[in-house]
Amino acid sequence: MPKPPTENSTKRTDPSLPDSPQRLFFALLPDGAVRKRLHQLQKDLEKAGGRPVPEENLHLTLLFLGNVEADKVDAVRDIAAGIEGKRFDLVLDTLGGFRQNNARILWVGPSESPPALGALHQSLRRQVRKIGLRVGKGVYRPHVTLVRKADLRKKSPEDLEPDIQWTAHRLALIASELLPSGSCYKTLLEKKLSE
Ligand code: 2AM
C-alpha cells in the first residue's frame with residue numbers, strides 16, 4: 001500500500017493538475033522595509049557562502065503543512081481567510097544555524113518570541129488538525145531562513161548584531177513547488193492582521 005505523504009515528504013507535486021496535492025505552509029511576509037533589512041543581512045553573511053534565499057521569498061514560517069491533498073486545499077484556504085488577529089511587533093535579533101547534512105541553514109529570529117506569534121501558531125495547528133491534517137509535534141522555533149547550504153567550514157561573521165524591528169501584519173498561505181533550481185512559491189491567499 002502506498003504510504004501517505006508525511007510532513008518531511010519531498011514528493012514532487014504538480015499544482016497545475018487539479019487533483020494534485022499541494023505543498024503548503026502558512027507564513028508571515030515582511031513588508032518592503034523589513035525585507036530590505038533582511039536582504040542587507042544576507043549580504044553581510046556572504047562570507048559564509050551558500051545560497052541566499054531570493055529576496056522575494058523571504059518569510060517567517062508559521063506552520064508547515066507538507067503535501068495537502070487537493071480535496072483539503074479549500075478548507076486550508078478557509079482557515080487562512082478566517083484568521084482574526086491583531087498585528088504584533090517582533091524583533092529579529094538573533095542569528096543562528098541549523099545543520100543540514102554537510103551544510104548549514106543560516107537564519108535570523110527573535111530571542112523572545114512574542115506571545116501573539118505562539119498563539120497564532122497554536123491556533124493554526126488546532127484548526128488544521130480539525131480538518132484532518134497531520135502536523136508534527138516539533139517545538140516551534142520561529143525564524144527567517146536567510147541562506148541555505150552555507151559552508152560548515154566557513155564561519156559566519158561574529159560581529160553581526162541584527163536588530164530588525166518588524167510589525168507583522170501580512171499572513172499568507174503559500175504553495176511551494178520544489179524545482180531543481182530551488183523552491184518556487186505562490187501565495188494562494190494573503191490576510192492582513194488588524195491594527
Ligand atoms: P526552513 O526555512 O527552516 O527550511 C517552506 O519549506 C517553509 O516551511 C520553509 O520556511 C521551511 O523552513 C518550513 N518548514 C518547516 N518544516 C519543514 C519541513 N519539514 N520540510 C520543509 N520545510 C519546512
Side-chain angles (χ1 to χ4, degrees), residues 23-65 76-77 79-98 100 103-125 138-150 156-178 181-195:
R23 190 169 187 271
L24 301 180
F25 64 99
F26 292 102
L28 291 173
L29 301 179
D31 55 26
V34 172
R35 196 176 288 278
K36 277 208 181 82
R37 295 204 58 196
L38 290 167
H39 186 55
Q40 180 57 50
L41 197 48
Q42 289 179 304
K43 288 189 192 156
D44 297 339
L45 286 166
E46 254 164 20
K47 279 194 192 137
R51 217 165 62 183
V53 172
E55 192 178 344
E56 66 277 11
N57 281 357
L58 290 166
H59 66 275
L60 183 146
T61 298
L62 284 167
L63 185 66
F64 178 74
L65 304 179
V76 177
R77 267 180 198 269
I79 290 172
I83 297 278
E84 302 282 343
K86 281 197 183 265
R87 55 186 58 191
F88 55 88
D89 293 330
L90 73 162
V91 184
L92 304 178
D93 56 0
T94 306
L95 278 175
F98 294 140
Q100 193 188 45
R104 262 184 311 171
I105 284 177
L106 299 178
W107 52 261
V108 63
S111 55
E112 276 183 45
S113 181
L117 179 55
L120 199 49
H121 167 80
Q122 290 301 339
S123 163
L124 289 169
R125 187 180 270 276
V139 178
Y140 177 51
R141 284 195 279 175
H143 63 276
V144 178
T145 295
L146 299 168
V147 180
R148 297 192 189 277
K149 297 191 184 316
S156 33
E158 282 157 2
D159 52 348
L160 288 181
E161 289 181 4
D163 182 22
I164 301 178
Q165 318 273 333
W166 180 2
T167 301
H169 64 111
R170 296 176 61 199
L171 185 150
L173 172 64
I174 299 174
S176 152
E177 196 182 353
L178 298 174
S181 53
S183 303
C184 175
Y185 292 162
K186 182 176 165 201
T187 299
L188 301 185
L189 190 142
E190 186 174 329
K191 178 90 192 198
K192 294 262 191 295
L193 299 175
S194 62
E195 289 192 30

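Below, all heavy atoms of this structure are taken into account, side chains as well, without hydrogens, waters or symmetry copies. Quick note: residue numbers are just sequence positions, from 1. Quick caveat, the model's predicted, so the values are computed rather than measured.
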Next on the checklist: Within the 4.5 Å heavy-atom criterion, are Gln165 and Val91 side-chain neighbours or not?
Outcome noted: yes
Checklist entry - Should Leu146 and Leu95 be marked as a side chain to side chain contact (heavy atoms under 4.5 Å, CB included) after you check the CA-CA gap, both sets of side-chain angles, and the distance that decides it? => result CA-CA 10 Å; Leu146 299 168; Leu95 278 175; 4.1 Å; yes
Next on the checklist: Contact between Asp31 and His169 at the side-chain level, heavy atoms closer than 4.5 Å - yes or no?
Outcome noted: yes
Checklist entry - Hey, what do you get for CH2 (Trp107) to CZ (Arg141), rounding to the nearest 0.5 Å? => result 7.5 Å
Checklist entry - What is the minimum heavy-atom distance between Leu58 and Pro30, and which atoms define it? => result O-CD, 3.2 Å
Next on the checklist: Distance check, rounded to the nearest 0.5 Å: Gln42 atom CD versus Arg51 atom CZ?
Outcome noted: 12.5 Å
Item to check | Reported OG-to-CZ distance for the pair Ser176 and Arg23, which is rounded to 0.5 angstrom | outcome: 4.0 Å
Checklist entry - Which residue, Leu106, Thr145, Val144, forms the side-chain contact (heavy atoms from CB on, under 4.5 Å) with Val53? => result Thr145
Item to check | Spacing of Asp44 atom CG and Arg37 atom CZ [to the nearest 0.5 Å] | outcome: 10.5 Å
Checklist entry - Would you say Leu120 and Phe26 make side-chain contact, with heavy atoms under 4.5 Å? => result no
Item to check | Electrostatic pair Arg35:Glu55 at N-O distance under 4.0 angstrom | outcome: no
Next on the checklist: For Arg87 and Glu195: C-alpha separation, side-chain torsions, deciding distance, then whether side chain to side chain contact (heavy atoms under 4.5 Å, CB included) applies.
Outcome noted: CA-CA 6 Å; Arg87 55 186 58 191; Glu195 289 192 30; 3.5 Å; yes
Item to check | Side chain proximity check, Arg170 to Lys192, heavy atoms < 4.5 angstrom | outcome: yes
Checklist entry - Does some side-chain heavy atom of Leu41 sit less than 4.5 Å from a side-chain heavy atom of Leu92? => result no
Checklist entry - Has the side chain of Arg125 got a donor or acceptor atom that lies under 3.5 Å from a matching backbone atom of Leu63? => result no
Checklist entry - Are any non-hydrogen side-chain atoms of Leu117 and His121 less than 4.5 angstrom apart? => result no
Item to check | Nearest non-hydrogen partners of Ser156 and Arg104, listed with the distance | outcome: OG-NH1, 3.9 Å
Next on the checklist: Quick check: closest heavy atoms across Tyr140 and Thr61, and the distance to 0.1 Å?
Outcome noted: OH-O, 2.8 Å
Checklist entry - Can you check whether Leu193 reaches Ile83 side chain to side chain, under 4.5 Å on heavy atoms? => result yes
Checklist entry - According to the interplanar angle, ranging from 0 to 90°, do the rings of Phe25 and His59 count as parallel (below 30°), tilted (30 to 60°) or perpendicular (above 60°)? => result tilted
Item to check | Atom of Val76, atom of Leu24 and distance for their closest heavy-atom approach | outcome: CG1-CD1, 4.2 Å
Checklist entry - If every non-hydrogen atom of Thr94 is compared with every non-hydrogen atom of Pro110, which pair is closest and at what distance? => result OG1-C, 4.2 Å
Next on the checklist: Looking at Thr167 and Phe88, would you say the former's side chain and the latter's main chain have a donor-acceptor pair under 3.5 Å?
Outcome noted: no
Checklist entry - Is it true that atom NZ of Lys191 has more than 12 heavy atoms of other residues, nucleotides or ligands lying nearer than 6.0 Å? => result yes
Item to check | Distance, nearest 0.5 Å, that separates NZ of Lys43 from CD of Glu46 | outcome: 8.0 Å
Next on the checklist: Would you compute the distance between atom CG of Leu189 and atom CD1 of Ile79 and round it to the nearest 0.5 angstrom?
Outcome noted: 11.5 Å
Next on the checklist: Does Glu112 have more than 12 heavy atoms from other residues, nucleotides or ligands lying within 6.0 Å of its CD?
Outcome noted: no
Checklist entry - Minimum heavy-atom separation for Ile174 to Tyr185, with atom names? => result CG2-CB, 3.7 Å
Checklist entry - Taking side chain as C-beta onward, heavy atoms only, is Pro162 less than 4.5 Å from Asp93? => result no
Item to check | Side-chain (Arg148) to main-chain (Ala103) donor-acceptor, under 3.5 angstrom | outcome: no
